[in-house]
Enquirer: 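Pasting a structure here, questions to come.
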Amino acid sequence: MSFGLSTSPTQLIQFPKNPKSLILDQCKTIRDLRQIHGHLIKTRLLHHPAVAEPMLESAALLLPVPAIDYAFSIFAHLENPDSSAYNVMIRAFTKAQNPESSIFLFRKMIENSVHPDEFTFPSILKACSQVGALREGEQVHAQILKLVDGFGRRGFVENAMVHLYATCGRLELAHQLFDRRSERSVIAWNSMICGYARHGYWTEVVELFGEILGMGVGFNQVTLINVLMACGRLGDLELGEWIYEYALVNGLMKDVSLVTSLIDMYAKCGKVDAARGLFDQLCTRDVIAWSAMINGYMQSSRFKEALALFLDMQNANVEPNEVTMVTVLSSCAALGALETGRWAHSYIKKKNLKLSINLGTTLLDFYAKCGCVNSAIEVFNDMPSRNVWSWTALIQGLANSGRGDTALEFYHSMLQEKAIKLKPVRPNLLRIYM
DNA sequence: GTAGGGTTAG
């Protein structure tokens, strides 16, 4: 049997001194991996942890195109996977944005009495943050506390915990952990700021940034982006412009995300033309930058400019997304631009954009406002899921078009949907019919 | 073998 590789298989049978670097050197493609894998099965060497772990790492993390399924099939055949085998798989699933699988494996790990360690925690906590799995995260926290002492990288684990609690909205708890830390890095500060921003505590975001400046702690683009989001919502143009100056002086204006946040901040503070100035200076404009600028016009009631910019966007061959279409359709609704809106609708179909609650509601609201209630009803029926706002937009549209009877029918069907019934929709309806 | 980001109406 020929491996076509520099090391002969017999060296593996004799158990190499350093199997890890041997395997990592040899597995450059999935083909290499399959060959070595086959050989390791025959010789049963695969069940040796020092061999299994690098095999998993090669497949799940190091290949140019990671083969997680392949890695998992290796993992699933191991007789007694040890903690490092679990760690590699958990890390790989988290990295591949498949946190459910990470959490599943973590549970298995505990069930099988394999002890998680300092390398398990950051990635499993990140997985919990990705899905907002607070309860699962608390169990991880409990496991961490079990290891009274004797684990290194405490800083990484603590950062991950602050991040988990902040993302899940347990901001007091996150802050307690954060305050207790001996050394608070940019990472921890950003976790706190992101947590406050994500949950709409804009004043706290600005306060925290004030602390950062006061204490002379470091900050970076991510910090500034979150603070700019707050400036826009709070109308704090002064701080927003301070950040703009800072970005100019420090050469940060090449960062599209940061400039997009500046555009959004200026637009939300009523300075749409300043926003446009920055937009025109951007050398690469992605869908989010375009959407932010179009949205800026819309929020300033400059609907025609919003639609004109949407045309420019298409000429620039940038594909719009759900957010873009929401903005475009609400501009059409405001202008009563039925034809353009219809065109947007066919565009959504052509591009197979998912009719999310946001998009569907905006679309039906557009039809209703243009007096096409039947189209509005059609869209409503096509939506895979709806919320109170979808119902309200439809019922209000019907009522405004003199179709009070149909509006009432929909109102009653809404009440029949259990989930909806629990939400306070009644006052809204009373306003329409009183 | 660590983390984090920008756009969404009614």
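Just so it is clear: chains get the letters A, B, ... in the order the sequence lines come, proteins before strands, and each one is counted from 1.
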Enquirer: Taking the minimum atom-to-atom distance to the side chain of Phe119(A), which one of dT2(B), dT7(B), dG1(B) wins?
Expert: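 Selected nucleotide: dG1(B).
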Enquirer: Looking at Phe75(A), Phe104(A), Phe106(A), which hits ring pair (Phe, Tyr, Trp, His ring centres under 6.0 Å) with Tyr86(A)?
Expert: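 The passing option is Phe75(A).
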Enquirer: Would you call the rings of Phe219(A) and Tyr246(A) parallel, tilted or perpendicular if under 30° counts as parallel and over 60° as perpendicular?
Expert: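 The rings of Phe219(A) and Tyr246(A) sit tilted, inter-plane angle from 30° to 60°.
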Enquirer: Salt bridge between Glu339(A) and Arg342(A), side-chain N to carboxylate O under 4.0 Å?
Expert: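 Yes, this pair counts.
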Enquirer: Donor-acceptor pair under 3.5 Å: do we get one between Ser261(A)'s side chain and the base of dG6(B)?
Expert: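 For Ser261(A), whose side chain was compared with the base of dG6(B), there is no donor-acceptor pair (under 3.5 Å).
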Enquirer: Under a 4.0 Å heavy-atom cut-off, which of residues 224-250 of chain A touch DNA chain B?
Expert: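 Those residues are Ile225(A), Met229(A), Arg233(A).
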Enquirer: If you look at every strand shown and take non-hydrogen atoms under 4.0 Å, does Val256(A) touch a base, only sugar-phosphate, or nothing?
Expert: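 Base, at least one base atom sits under 4.0 Å.
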Enquirer: So, Glu136(A) and Arg107(A), do they make that salt bridge, N to O below 4.0 Å?
Expert: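 Yes, charged N to carboxylate O under 4.0 Å.
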Enquirer: Atom CG of Asp264(A) and atom P of dT8(B): how far apart are they, to the nearest Å?
Expert: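 The answer, rounded to whole Å, is 5 Å.
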Enquirer: Assign Thr362(A) to base, sugar-phosphate, or nothing according to its heavy-atom contacts below 4.0 angstrom with the strands shown.
Expert: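 Since a base atom lies under 4.0 Å of Thr362(A), the category is base.
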Enquirer: Identify whether any heavy atom of Ser191(A) sits under 4.0 Å from a base atom; if not, whether one sits that close to sugar-phosphate; answer base, sugar-phosphate or nothing.
Expert: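 Nothing, no heavy atom under 4.0 Å.
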Enquirer: Could you check whether Tyr196(A) and Trp202(A) have their ring centres less than 6.0 Å apart?
Expert: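 Ring centres of Tyr196(A) and Trp202(A) not closer than 6.0 Å.
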Enquirer: Look at the side chain of Asn358(A) and decide which nucleotide, out of dA3(B), dG5(B), dA9(B), has an atom nearest to it.
Expert: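 Minimum distance to the Asn358(A) side chain belongs to dA9(B).
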Enquirer: Are a donor atom and an acceptor atom from the side chains of Tyr297(A) and Arg276(A) found within less than 3.5 Å of each other?
Expert: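 On atom types as modelled, these side chains qualify, holding a pair under 3.5 Å.
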Enquirer: Starting the side chain at C-beta, find the nucleotide from dG10(B), dT7(B), dG6(B) nearest to Ser291(A).
Expert: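 Minimum distance to the Ser291(A) side chain belongs to dT7(B).
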Enquirer: Base, sugar-phosphate, or nothing: which does Met325(A) touch, judged by heavy atoms less than 4.0 Å apart?
Expert: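 Since no nucleic acid heavy atom lies under 4.0 Å of Met325(A), the category is nothing.
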